[in-house]
Amino acid sequence: MKKLFILTMIVGIGHISYGQTYNDFETDSTSTSQPFTPSKTQFMIRGYGHTGLNFMNSEGEKESSYVGSAFAPIFLFKHSDRLMFEAELEFVLENNELEVGLEYADVMYVLNKNMTVRAGKFLLPFGTFMERLHPAWINRLPTRPLGFGHDGIAPSSGIGIELRGAFDLGGPKLNYSVYSTNGPRLKDGSEEPEEAGMLLFQNFEDNNNSKAFGGRLGILPFADSSTEFGFSAYSTNGVGETDSEYEDVGAFLYAIDFSFVKQVPAIGGFIDIKGQYNNSNIDDATYIEIEDDVEEEYTFDNKSNSFYTQLSYRPTMAESDFLKKLELVGRYSNYNAPEGAEWEEQSEQYAFGLNYWLTWRSVIKVAYQTTDSVGGHDGGGTVNGFYIHWAIGF
Amino acid sequence: MKTIHKIFIAGLMFFITGGIIVSCSSTKDTYTAATDVEEEFKIEKSGAQLWGEACNRCHLAPSPADYNDTDWSTISLHMRVRANLTEKEITKIETFLKSAN
């Protein structure tokens with residue numbers, strides 16, 4: 001107790017004397033003689049969070065839960081007009097546990113007007129959904145389309161180095177990104193036999209010497225930037241462990257994305273169309289299945305694909321203030337996992353939503369979603385969900 | 001499969017080298033000159049118009065009043081890189097945002 005008191009005294013007195021030593025009335029906020037010059041070094045904390053209520057009905061089994069409670073602080077540190085560091089932490093409550101993730105942490109430097117280099121852990125421009133559209137305050141629906149997320153076939157982030165930039169073609173615009181990252185890891189089934197043949201993209205330490213190379217080329221053909229087409233590829237020569245029989249199993253993935261956003265006076269508002277097709281092709285390999293204590297070898301044609309398209313409309317030119325803030329959204333997505341794999345699956349999903357925008361980055365989403373699947377983790381069937389979520393960016 | 005890899009990597013290398021050559025060869029001087037010429041012959045888009053077009057592509061566009069000048073410089077650099085915007089777009093938009101807040 002005594003120690004604490006003395007410590008408090010020291011801190012208190014130290015604080016006062018520090019304040020007096022450095023309190024220089026010239027730069028005091030009351031003096032108006034000196035104009036305010038912002039420092040070149042800037043630090044911003046921002047981020048987003050979301051929470052909500054889900055009602056799920058899976059083949060008659062009903063369940064409801066308050067969910068989400070995700071909090072993702074983002075740290076932006078601008079060192080100079082060219083140098084910047086960005087990092088995002090993600091706190092999510094899932095399966096009765098708090099999961100903490102480092103979404104990204106990278107440093108970027110503007111080399112010249114057409115090129116920037118980024119290094120560290122960054123979101124991969126494989127298509128646009130993961131890099132640009134997944135944050136809860138950007139995504140128009142409370143869920144992700146099929147094919148993205150946990151058992152997704154598209155890589156979302158990687159550790160490595162990237163060059164990116166844009167060219168102005170006097171109206172049309174072109175943007176590019178090329179990168180090299182630690183490649184994905186092949187799940188060989190030794191730990192989770194039901195996932196043999198899947199790629200695991202979270203690879204903090206590479207399991208072999210072959211890296212992944214990838215890139216995206218985006219074309220905005222019109223001067224009003226309303227339309228963008230993107231082509232992405234991601235390739236690696238080896239996804240297996242060095243010296244294992246899977247060492248030379250390669251993988252080639254590609255994606256095609258589309259975006260159209262424009263205020264159309266004829267329909268009194270903003271129309272927003274997004275879409276992405278992902279295709280994954282992993283070299284064939286032999287996996288082991290244990291059935292009744294007998295080891296059996298099997299193989300399959302390891303090709304997967306997924307697709308989504310989303311249409312949304314905001315009547316921004318409406319008379320009523322309430323209508324202006326509403327948004328209607330519909331999305332279709334599907335996912336096909338390889339035939340013959342333990343995780344073979346064909347799914348199709350429709351989602352519809354009504355959103356109310358409180359501000360440009362705070363939205364209340366009400367949505368209904370229905371998913372039909374054959375195979376997959378839960379054996380397939382129909383799952384219907386009703387969601388009420390609130391997302392906020394800050 | 002393996003040939004696809006080789007073609008892909010060759011394409012990539014070609015693209016990187018090309019990109020470096022093109023971007024390094026266009027010096028600041030010629031860039032300014034080109035914009036001047038452009039300004040003379042056609043009506044340039046204003047920062048406000050570019051803001052309305054470019055900043056709505058992924059999320060709803062923030063209004064200039066949402067941040068102060070200091071924050072806008074940080075955000076502009078962040079968005080320039082994240083959204084792969086051209087230098088011309090972001091410079092004009094940043095100037096507009098700072099003038100209208």
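Labels below follow one simple rule: chain letters A, B, ... track the order of the sequence lines, proteins then strands, and each chain is numbered from 1. All values below come from the heavy atoms of this structure, side chains included, with hydrogens, waters and symmetry mates left out.
- For S76(B), no part sits under 4.5 Å from any heavy atom of chain A, backbone or side chain.
- When side chains are defined from C-beta on, F75(A) does not count as touching F85(A), because their heavy atoms never get closer than 4.5 Å.
- Residues satisfying the salt bridge (Lys or Arg N to Asp or Glu O under 4.0 Å) criterion with R46(A), sequence neighbours excluded, are absent altogether.
- Heavy atoms closer than 4.5 Å to chain A are found in the side chain of E89(B), but not in its backbone.
- Neither the backbone nor the side chain of S180(A) comes within less than 4.5 Å of any heavy atom in chain B.
- Within the 4.5 Å cutoff, no side-chain heavy atoms of M317(A) are placed close to those of V264(A).
- Contacts of Y254(A) with chain B are absent, with no heavy-atom separation under 4.5 Å from either backbone or side chain.
- Among K262(A), R140(A), R314(A), R82(A), the residue making the largest number of heavy-atom pairs under 4.5 Å with chain B is R314(A).
- A salt bridge links K45(B) to E53(B): at least one charged side-chain nitrogen sits closer than 4.0 Å to a carboxylate oxygen.
- Side-chain contact, E88(A) with Y48(A): a donor N or O sits under 3.5 Å from an acceptor N or O.
- When heavy atoms are compared at a cutoff of 4.5 Å, R80(B) approaches chain A solely by way of its side chain, counted from C-beta outward.
- Only the side chain of K274(A) comes within less than 4.5 Å of a heavy atom in chain B; its backbone stays farther off.
- Using a 4.0 Å cut-off between charged nitrogen and carboxylate oxygen, E228(A) and R132(A) count as a salt-bridge pair.
- The part of D66(B) that comes within reach of chain A is its side chain, from C-beta onward, which places non-hydrogen atoms under 4.5 angstrom from that chain.
- In this structure, the portion of D81(A) lying under 4.5 Å from any heavy atom of chain B is its backbone and not its side chain.
- Most heavy-atom pairs under 4.5 Å with chain A: of the set S73(B), G52(B), S63(B), this distinction falls to S73(B).
- Interface remark: of the candidates S225(A), G393(A), G218(A), S225(A) forms the most heavy-atom pairs closer than 4.5 Å to chain B.
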T181(A) vs F213(A), side-chain contact (heavy atoms from CB on, under 4.5 Å): CA-CA, chis, key distance, verdict:
CA-CA 7 Å; T181(A) 60; F213(A) 294 93; over 6 Å; no
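- If you measure heavy-atom distances from V363(A) to chain B, you find no contacts under 4.5 Å at all.
- Using a 4.5 Å cut-off between heavy atoms, L83(A) contacts chain B through its backbone alone, with no side-chain atom that close.
- When each of L85(B), N84(B), T86(B) is scored by its heavy-atom pairs under 4.5 Å with chain A, the top score falls to N84(B).
- For a residue to count as touching a neighbouring chain, one of its non-hydrogen atoms must lie under 4.5 Å from one of that chain's; by this rule F270(A) touches chain B with the side chain only.
- Of the listed residues (D224(A), T116(A), I138(A)), the one with the most heavy-atom contacts under 4.5 Å to chain B is D224(A).
- Using a 4.0 Å cut-off between a side-chain N of Lys or Arg and a carboxylate O of Asp or Glu, K365(A) and E327(A) do not qualify as a salt bridge.
- Formation of a donor-acceptor pair under 3.5 Å by the N139(A) side chain with backbone atoms of L133(A) is not found in this model.
- Evaluation of the side chain to side chain contact (heavy atoms under 4.5 Å, CB included) rule for P315(A) yields Y313(A), A318(A) as partners, not counting sequence neighbours.
- For E131(A), the parts lying near chain B are the backbone and the side chain together; criterion is any non-hydrogen pair under 4.5 Å.
- Between K173(A) and D168(A) there is no salt bridge, since no side-chain nitrogen of the basic residue lies less than 4.0 Å from a carboxylate oxygen of the acidic one.
- With a 4.5 Å cut-off on non-hydrogen atoms, L123(A) touches chain B through its side chain but not through its backbone.
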Checking side-chain contact (heavy atoms from CB on, under 4.5 Å) for the pair I271(A)/V261(A): CA distance, chi angles, key distance, verdict?
CA-CA 6 Å; I271(A) 189 117; V261(A) 180; over 6 Å; no
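- Of the two parts of R361(A), only the side chain, counted from C-beta on, holds a non-hydrogen atom closer than 4.5 Å to a non-hydrogen atom of chain B.
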